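Just so it is clear, the model here is predicted, and its values are computed rather than measured.
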Amino acid sequence: MKKLQAEIQLIAQSNQPVIEDDLDQMPYLKAVIKETLRLHPPIPIIVPRESTKDVQVKGYDIAAGTRLLVNAWAIGQDPASWDEPEEFRPERFLNGRSIDFRGHDFELIPFGAGRRGCPGIQFAAVVDELAVANLVHKFDFALPNGVELDVSEVAVFLLKWLSITARPPRKNTPPSPQKLPVIGNLHQIGPFPHLSLHSLSQAHGPLMLLHFAAAPVLIASSSFTSRDIMKTHDLIFSNRPKSTICQKIMYGAKDVAFSPYGEYWRQMKSICILQLLSNK
């Protein structure tokens, strides 16, 4: 905190708020934001996608209609990508490691990547940097003696988009834990789904196939599996599963986040990026 505060006070005038033009002169601020998003992504499990046709991922057969869950929290904790991943160390982004969170570096994808990545990334980045910079510039933060801050994530896990229609088994599918009749692997998902999925991936690998009821769900828990899905096969995994909840609360799934992939969604995304969520 003191190091961040010193950088901000060096750039900003003492009685003036931090403005957008100041941000490019604050590399440690940007590193703190990145490290925070690595350890605590806003959505630990990225909004579900769905494959539109049969495809092979890492040599495994994935059927059309398979749901996809990318565990962004697990990717940020992966020791294959990060040294001492459990440590909060913003300096890791200042030593020649030019990793960013805008969807090009799959070691850090708190806002997703590819076609269905968050359209407001650029806007959110500027707003977050300005907010943090001004708060740290004007206030000193400390916890009372003996108090520890609980920063555990809570994943909102929607099951209404799961189909109950069984599909023919595939011959060469990703590793999968043993499932139960009717409920599939739902009994293995605890109150913190990103932690449950991470634990399962430790035993079955960074690409695994679960079944929530009868619906097949592909789980990606590493940067290299996510890159293969959201870059190499991005178009195939650009659809959203149908959801009763989204139909009811998201204007019939007409919003940019949950609408099906197609021309309507492309126009919505263009309007959001160029008009609604532009930082210009």
Side-chain angles (χ1 to χ4, degrees), residues 1-47 70 72-73 75-77 82 85 87-144 147-156 194 255-257 268-280:
M1 182 67 74
K2 293 297 183 183
K3 186 174 181 179
L4 176 59
Q5 200 168 47
E7 178 186 71
I8 294 170
Q9 291 175 349
L10 180 65
I11 302 301
Q13 299 182 21
S14 59
N15 295 321
Q16 298 296 321
V18 178
I19 62 175
E20 189 174 343
D21 290 342
D22 296 329
L23 298 178
D24 288 337
Q25 304 176 67
M26 299 179 179
Y28 193 71
L29 169 66
K30 295 179 183 294
V32 167
I33 297 290
K34 291 178 184 179
E35 183 72 341
T36 302
L37 291 172
R38 180 187 71 82
L39 284 170
H40 306 288
I43 304 179
I45 299 173
I46 295 173
V47 180
V70 176
W73 181 88
I75 293 172
Q77 299 283 335
W82 307 98
E87 296 292 327
F88 183 83
R89 203 172 68 202
E91 290 78 10
R92 71 176 81 240
F93 294 100
L94 300 175
N95 300 323
R97 194 171 189 185
S98 58
I99 290 181
D100 205 1
F101 52 74
R102 288 170 171 79
H104 303 293
D105 301 300
F106 287 84
E107 298 89 343
L108 186 64
I109 50 172
F111 301 108
R115 288 170 173 82
R116 297 309 293 243
C118 178
I121 292 178
Q122 187 62 36
F123 179 79
V126 174
V127 170
D128 287 349
E129 290 172 5
L130 281 173
V132 172
N134 279 290
L135 286 171
V136 174
H137 182 40
K138 297 294 185 180
F139 300 95
D140 293 320
F141 292 89
L143 291 172
V147 175
E148 293 186 4
L149 182 64
D150 184 1
V151 293
S152 301
E153 293 81 6
V154 177
V156 179
H194 59 292
D255 67 306
V256 69
M268 286 283 291
K269 183 178 180 180
S270 177
I271 292 171
C272 286
I273 292 176
L274 299 178
Q275 304 296 330
L276 298 180
L277 299 176
S278 171
N279 63 329
K280 302 299 183 182

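Using a 4.5 Å heavy-atom cutoff, the side chains of P41 and L108 are not in contact. Residues F123 and L276 are not in side-chain contact: their nearest non-hydrogen atoms beyond the backbone lie 4.5 Å or more apart. M26 is listed as a side-chain neighbour of I8, based on a closest heavy-atom distance under 4.5 Å. The shortest side-chain heavy-atom distance between I273 and Q122 does not fall under the 4.5 Å cut-off. Side chains of I271 and V256 form no contact here, defined as non-hydrogen atoms less than 4.5 Å apart.
Note that CD1 of I99 and CZ of R92 are 9.5 Å apart. Values are rounded to the nearest 0.5 Å. The distance from atom CG of L135 to atom CG of D140, rounded to the nearest 0.5 Å, is 12.0 Å. Rounded to the nearest 0.5 angstrom, K138 NZ and Q9 CD are separated by 9.5 Å.
When the side chain to side chain contact (heavy atoms under 4.5 Å, CB included) test is applied to L149, the partners found at least two apart in sequence or on another chain are L143, V151. Scored by the side chain to side chain contact (heavy atoms under 4.5 Å, CB included) test, L274 finds S270 as partners (sequence neighbours excluded). The side chain to side chain donor-acceptor pair (under 3.5 Å) test applied to R38 returns E35, not counting sequence neighbours. The side chain to side chain contact (heavy atoms under 4.5 Å, CB included) test applied to P17 returns N134, not counting sequence neighbours. Residues passing the side chain to side chain donor-acceptor pair (under 3.5 Å) test with R89, sequence neighbours excluded: E84. Among residues two or more places apart in sequence or in another chain, the side chain to side chain donor-acceptor pair (under 3.5 Å) test is passed with D21 by none. Residues that satisfy the salt bridge (charged side-chain N to carboxylate O under 4.0 Å, His left out) test with D255, not counting sequence neighbours, are absent from this structure. Remark: K3 engages Y28, E91 in a side chain to side chain contact (heavy atoms under 4.5 Å, CB included) (not counting sequence neighbours). Contacts of K34 classified as side chain to side chain donor-acceptor pair (under 3.5 Å), with partners at least two apart in sequence or in another chain: none. Residues passing the ring pair (Phe, Tyr, Trp, His ring centres under 6.0 Å) test with F111, sequence neighbours excluded: F101.
Between W82 and P85, the shortest heavy-atom distance links the atoms O-CD, 3.5 Å. Of all the heavy atoms in F88 and T36, the pair that sits closest is CE1-OG1, 3.7 Å. Scanning all heavy atoms of the two residues, the minimum distance from E87 to L39 falls at O-CD1, 4.1 Å. Scanning all heavy atoms of the two residues, the minimum distance from A133 to L29 falls at CB-CD2, 3.8 Å. Taking each heavy atom of F106 and I75 in turn, the nearest pair found is O-CG2, 3.4 Å. When every heavy atom of K269 is checked against every heavy atom of G114, the shortest pair comes out as NZ-O, 4.1 Å.
The environment of F139 atom CZ is sparse: at most 12 non-hydrogen atoms of other residues, nucleotides or ligands sit within 6.0 angstrom.
Within the structure, salt bridge (charged side-chain N to carboxylate O under 4.0 Å, His left out) pairs that include any residue of residues 114-137 comprise K30-E129, R115-D234 (at least two apart or interchain). Identified under the side-chain hydrogen bond (donor to acceptor under 3.5 Å, both in side chains) test for residues 104-114, with sequence neighbours left out: none.
Side chain of D22 to backbone of I19: a donor-acceptor contact under 3.5 angstrom is found.
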